[in-house]
Amino acid sequence: MKTLKIAIQKSGRLNEKSVEILKNCGLSFENYKSSLISTVTNFPLEILFLRDDDIPEYVQDGIADLGIVGENVITEVNADVEYLQKLGFGKCTLKIAIPNDSEITDISGLEGKAIATSYPVILEKYLQDNNVNAVVRTISGSVEIGPGLGLSDAICDIVSTGGTLKSNGLKPFAEVMKSEAVLIGNKGIELNEDVIELLQRIRSVLRAKETKYVVLNVAKSNLDKVVSLLPGVKSPTIVPLFEPDWVAVHSVIAEQDFWEKINSLKAAGAEGIVVMPIEKIIA
């Protein structure tokens with residue numbers, strides 16, 4: 001059977017999380033910083049460590065079967081690939097930013113202005129969609145210095161925390177697109193049996209990250225109220241306790257609802273609440 005190839009970032013903000021999710025899928029390999037290829041010893045897969053800008057085209061051209069890369073990179077190079085799964089990490093926003101003392105107040109104020117960016121394709125489409133004619137100046141790296149050097153009136157760049165903008169006297173002005181890491185594949189690869197297996201593993205890891213395992217004690221008189229708050233994967237598990245008229249309830253809670261649910265459970269009579277992380281959930 002053919003060994004699959006998956007391309008991930010060699011270094012940068014997506015490398016660590018890409019390696020982490022693959023290892024959480026039970027794949028055994030070494031993260032060779034000095035090598036371009038690492039072989040998975042317990043699955044028919046090779047990992048290619050590449051520049052993120054190269055990953056979409058490697059997948060498009062069939063050099064790699066799969067890739068993990070940011071949506072912004074895929075859109076910028078306009079790669080013809082399949083989106084297989086959003087991965088929930090590497091989240092950021094591509095934004096236009098202007099100097100703190102700029103007099104621009106809305107998108108129309110960018111008319112005729114110069115904007116520095118490393119994402120000219122995405123920016124030009126955004127400007128076109130908003131009927132703005134601006135000068136797009138393509139810069140590789142350190143885009144935020146453009147206004148300070150007089151190269152541009154604004155910039156368009158990836159923003160995660162906003163710290164870099166602040167340190168360069170810039171403020172976010174308009175949101176161009178949101179991005180996160182995605183698993184991509186070349187056309188038709190989603191029908192491959194090993195890809196189906198890998199996708200199942202990835203999705204089980206992602207589901208587990210979104211939930212917490214909860215065990216609590218409750219008097220039988222309050223059981224209905226507690227169970228109504230805990231749907232679980234299908235329904236909560238009820239286990240009798242040695243103490244009469246008390247039971248232990250096992251269930252899961254969505255991460256986003258965690259604190260609200262915990263407070264509601266306590267109000268409904270739950271005691272001795274134990275919360276644990278979940279490694280994987282197999283649907």
Side-chain angles (χ1 to χ4, degrees), residues 7-19 33 49-60 67-81 83 86-182 184:
I8 69 172
Q9 194 178 54
K10 180 176 177 61
S11 61
R13 64 190 184 91
L14 297 187
N15 171 267
E16 184 177 334
K17 289 292 186 180
S18 297
V19 169
K33 293 291 185 180
F49 296 94
L50 306 173
R51 291 177 61 253
D52 58 349
D53 291 349
D54 294 333
I55 292 174
E57 291 185 3
Y58 268 59
V59 174
Q60 172 186 276
I68 295 177
V69 69
E71 293 173 279
N72 58 299
V73 178
I74 304 166
T75 303
E76 180 63 26
V77 301
N78 195 27
D80 185 19
V81 296
Y83 279 64
K86 290 191 174 187
L87 299 174
F89 62 84
K91 292 184 178 181
C92 60
T93 307
L94 186 62
K95 291 185 177 182
I96 294 175
I98 57 178
N100 290 330
D101 60 357
S102 174
E103 297 181 357
I104 299 173
T105 58
D106 56 36
I107 293 298
S108 64
L110 293 171
E111 184 75 23
K113 303 295 186 182
I115 308 173
T117 187
S118 298
Y119 299 93
V121 173
I122 296 174
L123 176 58
E124 285 175 358
K125 184 179 186 307
Y126 175 82
L127 294 172
Q128 185 178 42
D129 290 344
N130 286 275
N131 299 312
V132 173
N133 291 310
V135 178
V136 176
R137 291 182 173 162
T138 304
I139 298 177
S140 297
S142 301
V143 172
E144 63 277 357
I145 68 173
L149 295 178
L151 296 174
S152 65
D153 303 290
I155 70 165
C156 180
D157 202 15
I158 290 295
V159 177
S160 295
T161 64
T164 302
L165 294 183
K166 288 181 180 179
S167 64
N168 285 276
L170 301 172
K171 60 184 178 181
F173 173 68
E175 182 177 297
V176 176
M177 76 171 290
K178 291 184 180 297
S179 175
E180 69 178 272
V182 293
I184 59 173

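The analysis underlying the following values was restricted to heavy atoms, covering all of them including side chains, and did not include hydrogens, waters or symmetry mates. Small disclaimer: the values here were computed from a predicted structure and weren't measured.
Every residue two or more places apart in sequence or in another chain that forms a side chain to side chain contact (heavy atoms under 4.5 Å, CB included) with Leu50 is listed here: Ala7, Leu48, Ile55, Tyr58. With sequence neighbours left out, Asp52 forms a side-chain hydrogen bond (donor to acceptor under 3.5 Å, both in side chains) with Gln9.
A side-chain donor-acceptor contact under 3.5 Å links Asp106 to the backbone of Gly109. Glu71 places a side-chain N or O within donor-acceptor distance of the main-chain N or O of Glu180, the cut-off being under 3.5 Å. Using modelled atom types, one side-chain atom of Asp153 and one backbone atom of Ala114 make a donor-acceptor pair closer than 3.5 Å.
Closest non-hydrogen pair, Ile122 versus Met177, comes out as CD1-SD, 3.7 Å. Considering every non-hydrogen atom in both Gly90 and Arg13, the closest pair reads O-NH1, 3.1 Å. In terms of heavy atoms, Val81 sits closest to Pro56 at CG1-O, 3.7 Å. The minimum heavy-atom distance between Gly67 and Val59, with the atom names listed, is N-CG2, 3.8 Å. Across Glu111 and Asn133, no two heavy atoms sit closer than the pair OE1-N, 3.1 Å. Of all non-hydrogen atoms in Ile155 and Glu144, the two that sit nearest each other are CD1-CA, 3.8 Å.
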Practice item. For Phe89 and Ile68, run side chain to side chain contact (heavy atoms under 4.5 Å, CB included): C-alpha distance rounded to whole Å, both residues' side-chain angles, the deciding distance at 0.1 Å, then the answer. Key: CA-CA 11 Å; Phe89 62 84; Ile68 295 177; 4.1 Å; yes
Exercise for review: In sequence, state the C-alpha distance, the side-chain angles, and the governing distance for Ile98 and Lys171, and then conclude on side chain to side chain contact (heavy atoms under 4.5 Å, CB included).
Suggested key: CA-CA 6 Å; Ile98 57 178; Lys171 60 184 178 181; 3.9 Å; yes
Exercise for review: For side chain to side chain contact (heavy atoms under 4.5 Å, CB included), just list the numbers for Asp53 and Val73, CA-CA rounded to whole Å, side-chain angles, deciding distance to a tenth of an Å, and then say yes or no.
Suggested key: CA-CA 6 Å; Asp53 291 349; Val73 178; 4.0 Å; yes
Practice item. Start with the C-alpha gap between Ile145 and Asn168, add the side-chain angles, then the distance that decides, and say whether side chain to side chain contact (heavy atoms under 4.5 Å, CB included) holds. Key: CA-CA 7 Å; Ile145 68 173; Asn168 285 276; 4.2 Å; yes
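The NZ atom of Lys17 sits 11.5 Å away from atom CG of Leu87, with the distance rounded to the nearest 0.5 Å. With rounding to the nearest 0.5 Å, the separation of CD1 in Ile96 from CG in Leu110 is 5.5 Å. Summarising the geometry, atom CD1 belonging to Ile74 is positioned 11.5 Å from atom CG belonging to Asp80; distances are rounded to the nearest 0.5 Å. Atom OG in Ser179 sits 11.0 Å away from atom NZ in Lys91 (nearest 0.5 Å).
Side-chain contact between Pro120 and Glu76 is present, with heavy atoms from C-beta onward closer than 4.5 Å.
Listed by first and then second residue, the side-chain hydrogen bond (donor to acceptor under 3.5 Å, both in side chains) pairs involving residues 114-123 are Asn72-Tyr119 (not counting sequence neighbours).
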